[in-house]
4 protein chains.
Amino acid sequence: MQGRPTLATASSDQREKTRERILEAAAAVFADRGYHDALVDEIGDRISLSKGGLYFHFPSKEELFFSVIDRLANKLVSKAEKAAGNQDSSVDAASAALREVLFTLSRQKRLARILMTQGYSMGNSFAEKRTEVFDRFADVIQVHLDSAVAEGTIPEVDSRLASRAWLGAMNEIVVHWLYSNGPSPRECADDLNALLLRSVGAVSINESDSRS
Amino acid sequence: MQGRPTLATASSDQREKTRERILEAAAAVFADRGYHDALVDEIGDRISLSKGGLYFHFPSKEELFFSVIDRLANKLVSKAEKAAGNQDSSVDAASAALREVLFTLSRQKRLARILMTQGYSMGNSFAEKRTEVFDRFADVIQVHLDSAVAEGTIPEVDSRLASRAWLGAMNEIVVHWLYSNGPSPRECADDLNALLLRSVGAVSINESDSRS
Amino acid sequence: MQGRPTLATASSDQREKTRERILEAAAAVFADRGYHDALVDEIGDRISLSKGGLYFHFPSKEELFFSVIDRLANKLVSKAEKAAGNQDSSVDAASAALREVLFTLSRQKRLARILMTQGYSMGNSFAEKRTEVFDRFADVIQVHLDSAVAEGTIPEVDSRLASRAWLGAMNEIVVHWLYSNGPSPRECADDLNALLLRSVGAVSINESDSRS
Amino acid sequence: MQGRPTLATASSDQREKTRERILEAAAAVFADRGYHDALVDEIGDRISLSKGGLYFHFPSKEELFFSVIDRLANKLVSKAEKAAGNQDSSVDAASAALREVLFTLSRQKRLARILMTQGYSMGNSFAEKRTEVFDRFADVIQVHLDSAVAEGTIPEVDSRLASRAWLGAMNEIVVHWLYSNGPSPRECADDLNALLLRSVGAVSINESDSRS
DNA sequence: AATGAATGAGACTTCATTCAT
DNA sequence: GATGAATGAAGTCTCATTCAT
């Protein structure tokens with residue numbers, strides 16, 4: 001608002017770059033330590049940026065954390081939606097979205113940790129954000145379940161409940177993998193997929209061959 | 001009932017009584033605030049016990065929290081097992097365990113909050129305890145699913161995965177209720193039950209009538 | 001003052017015995033940990049006596065510590081005096097007192113630790129007690145040095161200063177042994193003895209043969 | 001001089017200045033109260049620096065104490081070495097080092113208290129530091145005694161033992177002054193000097209005249 | 001004589017945030 | 001844009017001492 005006009009664009013670029021670096025570092029630290037145990041200092045240290053510098057870009061630790069969450073959730077939702085979009089049937093779409101998430105989280109433990117558990121360590125102010133993020137994921141699934149019902153591919157179900165149940169099931173598998181070295185989401189993907197499709201009365205292609 | 005802790009001390013189990021009072025107060029505070037935001041002072045204040053007195057009974061805030069979790073988890077697991085024991089078929093048993101948990105949590109938000117979310121705020125040292133507690137619940141369900149498979153009531157399934165999925169689904173419903181004022185677990189119980197039974201290939205009695 | 005008269009003697013005995021046990025335990029703990037780091041609890045634990053029981057016999061941790069010091073100092077001073085008394089000449093007497101202390105401390109690290117260093121950890125209230133104890137030791141030596149001067153065995157010296165210097169020298173040797181695994185006081189006894197005798201103008205018997 | 005720390009901050013060595021101020025204040029408080037009874041708060045208060053500010057410069061009370069000791073010991077050792085360096089003979093050098101220490105301590109009770117006694121109140125972790133500091137002082141003396149022996153000025157002696165004995169004698173005189181209002185080290189210097197020189201078989205110039 | 005639960009003052013340390021430079 | 005010294009509010013835990021039994 002008060003910078004030199006000439007440098008506006010160039011510095012605007014730089015600004016965005018620094019923000020990205022901070023978000024990246026913050027994601028790593030938050031994932032490792034959880035919100036509360038993550039130190040603002042440590043985030044700065046990772047990218048050799050002073051605390052003051054960090055506070056220039058983000059007004060508070062809380063805002064920074066939310067920004068990290070939003071950024072990651074956006075990426076993951078996009079992936080899920082894209083995966084769903086490539087399918088022919090609605091059931092396959094829901095199924096594909098689920099698989100995409102499981103596969104992506106399998107590759108990025110950090111992402112999994114931040115989205116699934118580390119937020120809680122923020123205390124009760126996390127509630128709203130969690131709701132927002134999980135609702136978005138639930139929506140992705142619900143949309144396709146609703147279509148499937150409309151198409152008559154699956155019987156009537158409480159699609160809101162079903163999408164939450166799917167999400168919860170997935171969440172538990174992921175957390176069990178993160179916290180107890182359970183099987184990776186990727187390994188469970190087929191079985192879980194079959195299980196969840198069955199729960200809404202669908203029969204997946206995998207049902208007959210992948211895991212007899 | 002008011003003032004110093006009753007002063008009828010030194011009976012043989014006064015000690016146990018005080019421990020219980022502490023655990024009760026701690027459960028309330030931890031449920032409200034989460035591990036980290038809970039103050040040891042506040043726990044003491046609730047029962048007019050000095051900090052020192054509290055530390056006489058529990059060596060650290062962390063141990064106190066774990067004790068709270070254990071106590072609550074024990075109660076809940078017992079209830080679930082008892083509910084399951086009253087059923088004729090294995091499928092009904094698993095189903096009953098699930099319902100019992102949903103109903104109990106519906107009545108005790110505090111219990112739900114502590115077991116489902118507030119632990120994470122402790123940081124990474126919570127991992128082990130969470131694993132332990134969730135494994136116990138998963139076991140309760142798995143046992144009955146295994147029986148059902150053995151009886152031929154339901155087709156072969158990865159019962160470990162299924163029990164986790166059930167747990168996760170339930171967890172999500174509960175958290176959604178806690179954090180976003182979603183429908184209470186009790187309200188969802190029938191539908192969720194039907195959904196989860198279907199997921200393992202069983203057909204519940206509810207299937208035909210409860211939700212036409 | 002108000003006990004049953006008949007039991008007076010018997011219980012008086014018991015009382016003294018318990019006091020001794022406490023003093024013994026306290027000496028051990030204070031020697032190991034220093035005044036401040038010694039816990040009243042730990043002293044009690046050693047002899048399976050509750051804190052309350054301990055406080056029945058001693059009014060405070062501080063008093064207990066002083067009692068320990070007094071008891072040990074008494075023993076050591078007695079030994080030194082006795083050793084000195086067995087000698088013919090005054091110079092030999094002073095010398096013998098010194099040796100006795102060095103030898104005794106060599107055998108009892110605990111004693112050495114308590115008398116030489118651990119008291120300081122009590123804070124400034126230790127000053128008076130230290131003065132008292134060290135003065136007693138200095139007196140033992142000074143008396144004999146004064147006699148030696150009077151006898152003309154050694155030239156005039158500031159015997160007060162000399163006795164303190166002796167004490168200090170001895171103290172340093174002991175502390176160096178305690179803290180840095182230096183040679184034991186016993187090993188140094190002859191050389192130190194020669195050194196200190198020379199410092200007051202005396203020539204010890206050891207001078208010519210023990211260390212040629 | 002009043003209010004916030006001068007606000008002319010951020011020159012390159014402002015940091016070092018603050019460190020010095022802290023060390024100065026800490027030396028005063030530790031000397032007065034001993035390690036344990038010294039409050040971190042009081043150190044900060046003396047220089048109007050918040051506790052957090054203090055911890056920015058020193059990671060713990062213990063480290064701060066050690067830094068204080070090191071700083072003071074360095075100064076004193078330097079003085080002693082310099083004083084020794086100005087002398088012609090080795091015996092005079094050792095003697096001069098001793099006198100310098102006695103005189104300096106006489107002028108700075110605080111210094112004396114910290115180096116001689118207050119450290120012990122830290123508990124057993126002080127052992128190592130004490131050893132280190134006293135060894136340095138002993139070295140200063142020993143070096144010159146060794147030279148004197150090599151020169152033939154004094155007979156063969158266990159110079160390690162002798163230097164410790166000297167140190168100990170000096171220490172006792174100082175502590176007696178500090179704790180019991182005994183004569184100041186400065187007053188004792190000549191006599192003590194004579195005594196110690198005699199102990200190693202040297203005859204000082206002072207011998208004949210300073211104390212007729 | 002002894003127990004041991006309870007007190008309570010207070011210590012050290014942490015860390016998100018600010019702000020002069 | 002960035003630095004980093006400084007703030008200050010809190011937080012957990014300790015432990016000598018007391019006192020009802």
Side-chain angles (χ1 to χ4, degrees), chain A residues 3 7 11 14-15 18 36-44 48-64, chain B residues 4-11 14-15 17-19 36-44 48-62 64, chain C residues 3 7 11 14-15 18 36-44 48-64, chain D residues 4-11 14-15 17-19 36-44 48-62 64:
Chain A
L7 296 176
S11 63
Q14 186 59 42
R15 180 192 209 97
T18 306
H36 187 267
D37 290 342
L39 304 187
V40 174
D41 277 299
E42 192 181 349
I43 297 171
S48 303
L49 181 70
S50 73
K51 244 198 290 222
L54 205 154
Y55 271 88
F56 180 83
H57 292 278
F58 293 90
S60 72
K61 185 183 178 184
E62 202 163 306
E63 281 298 320
L64 175 54
Chain B
R4 321 263 180 68
T6 325
L7 286 201
T9 326
S11 15
Q14 191 63 27
R15 182 190 192 115
K17 281 243 174 72
T18 306
R19 266 185 71 99
H36 190 267
D37 291 341
L39 306 190
V40 173
D41 277 301
E42 191 180 348
I43 297 171
S48 303
L49 180 69
S50 70
K51 229 186 303 220
L54 204 155
Y55 274 92
F56 179 80
H57 291 280
F58 294 91
S60 69
K61 186 183 177 183
E62 201 163 309
L64 175 55
Chain C
L7 297 176
S11 62
Q14 187 57 40
R15 182 193 209 96
T18 306
H36 188 267
D37 291 342
L39 304 187
V40 173
D41 277 300
E42 193 182 349
I43 296 171
S48 304
L49 181 69
S50 73
K51 244 199 288 224
L54 205 154
Y55 271 88
F56 180 83
H57 292 279
F58 293 90
S60 71
K61 185 182 178 187
E62 203 163 306
E63 281 299 318
L64 175 54
Chain D
R4 321 262 180 69
T6 326
L7 287 200
T9 326
S11 15
Q14 190 64 28
R15 182 191 192 114
K17 281 241 174 74
T18 305
R19 265 185 71 98
H36 190 266
D37 291 340
L39 306 189
V40 174
D41 277 300
E42 192 180 349
I43 297 172
S48 303
L49 181 68
S50 70
K51 231 186 302 223
L54 204 156
Y55 274 90
F56 180 81
H57 292 279
F58 295 90
S60 70
K61 186 184 178 184
E62 200 163 309
L64 175 55

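In the text below, chain A, chain B and the rest are named by the order of the sequence lines, each starting its count at 1. Values below: every heavy atom of this structure, side chains too, minus hydrogens, waters and symmetry copies.
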Within this structure, what is the [atom1]-to-[atom2] distance between [X] and [N], rounded to whole angstrom?
{"X": "D:Gln14", "N": "E:dA20", "atom1": "CD", "atom2": "C1'", "value": "12 Å"}
{"X": "C:Phe58", "N": "E:dA2", "atom1": "CZ", "atom2": "C1'", "value": "15 Å"}
{"X": "D:Arg19", "N": "F:dA6", "atom1": "CZ", "atom2": "P", "value": "12 Å"}
{"X": "C:Leu54", "N": "E:dG4", "atom1": "CG", "atom2": "P", "value": "14 Å"}
{"X": "D:Phe56", "N": "F:dA5", "atom1": "CZ", "atom2": "C1'", "value": "5 Å"}
{"X": "B:Arg15", "N": "E:dA6", "atom1": "CZ", "atom2": "P", "value": "9 Å"}

* Asked: Which dot-bracket string describes DNA chain F (Watson-Crick N1-N3 plus N6-O4 or O6-N4, or G-U N1-O2 and O6-N3, all under 3.5 Å; [ ] crossing; | other strand)?
  -> .||||||||||||||||||||
Can you tell me how far the [atom1] atom of [X] sits from the [atom2] atom of [Y], to the nearest 0.5 Å?
{"X": "D:Ile43", "Y": "D:Lys51", "atom1": "CD1", "atom2": "NZ", "result": "11.0 Å"}
{"X": "D:Phe56", "Y": "D:Arg15", "atom1": "CZ", "atom2": "CZ", "result": "5.0 Å"}
{"X": "C:Asp37", "Y": "D:His36", "atom1": "CG", "atom2": "NE2", "result": "7.0 Å"}

Specify the closest pair of heavy atoms between [X] and [Y], including all atoms of both residues, with the distance to one decimal.
{"X": "A:Lys61", "Y": "A:Tyr55", "value": "N-OH, 4.2 Å"}
{"X": "D:Arg19", "Y": "D:His57", "value": "NH1-O, 3.7 Å"}
{"X": "A:Val40", "Y": "A:Leu54", "value": "O-CD1, 4.0 Å"}

* Are any of B:His57's side-chain N or O atoms less than 4.0 Å away from OP1 or OP2 of E:dG4? -> no
* To do: Take nucleotides 11-18 of chain F nucleotide by nucleotide from the 5' end and write B, S or -, depending on whether a protein heavy atom sits under 4.0 Å from the base, only from the sugar-phosphate, or from neither.
  => SBBBBBBB
* Residues forming a side chain to side chain donor-acceptor pair (under 3.5 Å) with A:Glu62, sequence neighbours excluded -> none
